[in-house]
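Presented below is the structure to which this report refers.
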Amino acid sequence: MPELPEVEVVRRGLERWVTGRKVADVTVSHPRAVRRHVPGPEDFAARLTGRTIGTPRRRGKYLWLPLDGDEALLAHLGMSGQLLVRPPDAPDETHLRVRLRFTDDVHELRFVDQRTFGGLALADVTPGDGVPLPVAHIARDPLDPDFDDEAFAAALRRKRTGLKRALLDQSLISGVGNIYADEALWRARLHYARPTETITRAQVRPLLAAARSVMSDALEQGGTSFDSLYVNVNGESGYFDRSLDAYGRAGLPCRRCGTLVVREPFMNRSSYRCPRCQPRPRRLHG
DNA sequence: TTACTGACCTGCACGC
DNA sequence: TGCGTGCAGGTCAGTA
């Protein structure tokens, strides 16, 4: 599932392969893939054709390709989205949604998405920092050099919710999804339902350090992939799933203390924790 | 204003 | 073999 490390791996691939290329034509095979482009698929294709792509950028799980002018091609991979760089004669993928051909005709960019939670859109960018308007409300991610630890700690303590809910709140901290939230909480030895208002600044520091270390480790290994749904632009999977300490390890011994990891329902999905390293707090939230 | 819930969507695993 | 069900989960509109 694409979270920050996986999206960054894709961004780096795009930086190498599509920067400076000019779009020759665009084919939208599935309108839902561009549903966030309100004027519709035809407008999307027409306005993208002939544009030159700048250096890809990212905030949290969103990435965008700056275009000449004050616009960008904004992408979110959702659950199963892939941005693939393919030779033009490569067979179409089963869930190919959008195809961009370039004027040099060496490679084409394909947006493939099985579950169609992801999508592409053209968006205006803010004049100052060049961030697309639909992404302006997204907080910086913990790997961003401008991420403000103190402001995050203060905002976290102002919340009245559970710790994991807060970690998944992209307006508070971006790039963290279900997998890396569980991993960061395991590394920081914190329970997912710990009330945010009880978190001390001294506990926020190791939590942020844990989030940064787990995502940096994942980035080094090309991201996390449990199946073929997450791949880089060349269609290759990452290896970090072999290094996960909590997520997906229900019934297996904790790598730290040997206690069996448990899976618990959380927000209509799952949370994994070690009952000994991450005991239930007296007060629960979320 | 803030926190929370459910819908969206598809393929796979599993049980019957 | 075929069918039904549960599960995976990021985002956002709607609700409390």
Side-chain angles (χ1 to χ4, degrees), chain A residues 1-8 10 29-38 58-64 74-83 93-98 111-121 123 132-139 141 154-185 192-199 211 215 218 223-231 237 240-241 244 246-251 262-272 283-286:
Chain A
M1 309 305 163
E3 298 182 31
L4 187 154
E6 292 75 38
V7 178
E8 176 60 18
V10 171
S29 311
H30 196 302
R32 187 175 153 78
V34 294
R35 66 192 179 283
R36 291 193 180 91
H37 186 82
V38 178
R58 179 188 60 75
R59 177 167 286 187
K61 300 169 199 169
Y62 284 91
L63 64 84
W64 64 93
L74 180 63
H76 195 289
L77 301 180
M79 296 287 297
S80 53
Q82 303 172 350
L83 281 165
E93 291 74 11
T94 305
H95 302 102
L96 175 62
R97 309 304 190 191
V98 180
F111 180 68
V112 176
D113 192 6
Q114 177 195 96
R115 296 178 194 170
T116 65
F117 276 40
L120 306 178
L133 292 176
V135 183
H137 70 289
I138 301 291
D141 62 66
L156 189 67
R157 287 170 55 79
R158 279 197 300 272
K159 287 275 183 183
R160 293 291 180 269
T161 188
L163 187 50
K164 185 171 172 181
R165 278 184 191 276
L167 289 177
L168 297 177
D169 182 347
Q170 303 296 301
S171 65
L172 199 61
I173 180 172
S174 69
V176 182
N178 202 40
I179 296 172
Y180 294 117
D182 278 0
E183 292 300 306
L185 290 167
Y192 61 85
R194 171 77 179 268
T196 49
E197 62 269 33
T198 70
I199 301 290
M215 290 199 281
T224 301
S225 181
F226 298 101
D227 46 35
S228 60
L229 286 185
Y230 161 68
V231 294
S237 294
F240 191 68
D241 57 310
L244 293 173
Y247 186 87
R249 287 181 48 81
V262 297
R263 169 187 173 274
E264 294 170 332
F266 172 81
M267 291 175 72
N268 292 324
R269 48 204 62 163
S270 299
S271 262
Y272 297 85
R283 271 182 61 205
L284 289 177
H285 213 324

Review point. Where each residue is assigned the nucleotide of DNA chain B containing its nearest heavy atom, which of A:Arg158 and A:Phe117 is assigned the position nearer the 5′ end?
Key: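 Here A:Arg158 is the residue nearer the 5' end.
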Is there a side-chain contact between [X] and the phosphate of [N], meaning an N or O under 4.0 Å from OP1 or OP2?
X        : N     : value
A:Ser270 : C:dC7 : no
A:Lys159 : B:dT2 : no
A:Arg32  : B:dC9 : yes
A:Thr116 : B:dC8 : no
A:Arg165 : B:dT5 : yes

Point to revise | Integer-rounded Å distance: C:dA13 C1' and A:His137 NE2 | key: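 About 13 Å, once rounded to whole Å.
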**Study point:** Nearest-Å distance for atom pair CE/P, residues A:Met267 and C:dA8
**Key:**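 Rounded to whole Å, this separation is 14 Å.
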Point to revise | A:Asn178 side chain, from C-beta outward: closest of C:dG10, B:dA3, C:dT11 | key: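 Within the option list, the nearest is C:dG10.
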Review point. Of all the nucleotides listed (B:dT10, C:dG10, B:dC4), which has the minimum atom distance to the side chain of A:His95?
Key: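 Per side-chain heavy atoms of A:His95, the pick is B:dT10.
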Check your understanding: So, does the side chain of A:Arg269 form a donor-acceptor pair with the base of C:dG10 at under 3.5 Å?
Key ->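 Under the 3.5 Å cut-off, the side chain and the base do form a donor-acceptor pair.
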Exercise for review: Could you tell me whether the side chains of A:Tyr192 and A:Glu264 share a donor-acceptor contact shorter than 3.5 Å?
Suggested key: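 Side-chain D/A pair, A:Tyr192 to A:Glu264: present.
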Exercise for review: Have a look at A:Arg263 and say if it touches a base, only the backbone sugar-phosphate, or nothing, with a 4.0 Å heavy-atom cut-off.
Suggested key: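 Sugar-phosphate contact only - A:Arg263 comes under 4.0 Å of backbone atoms but never of a base.
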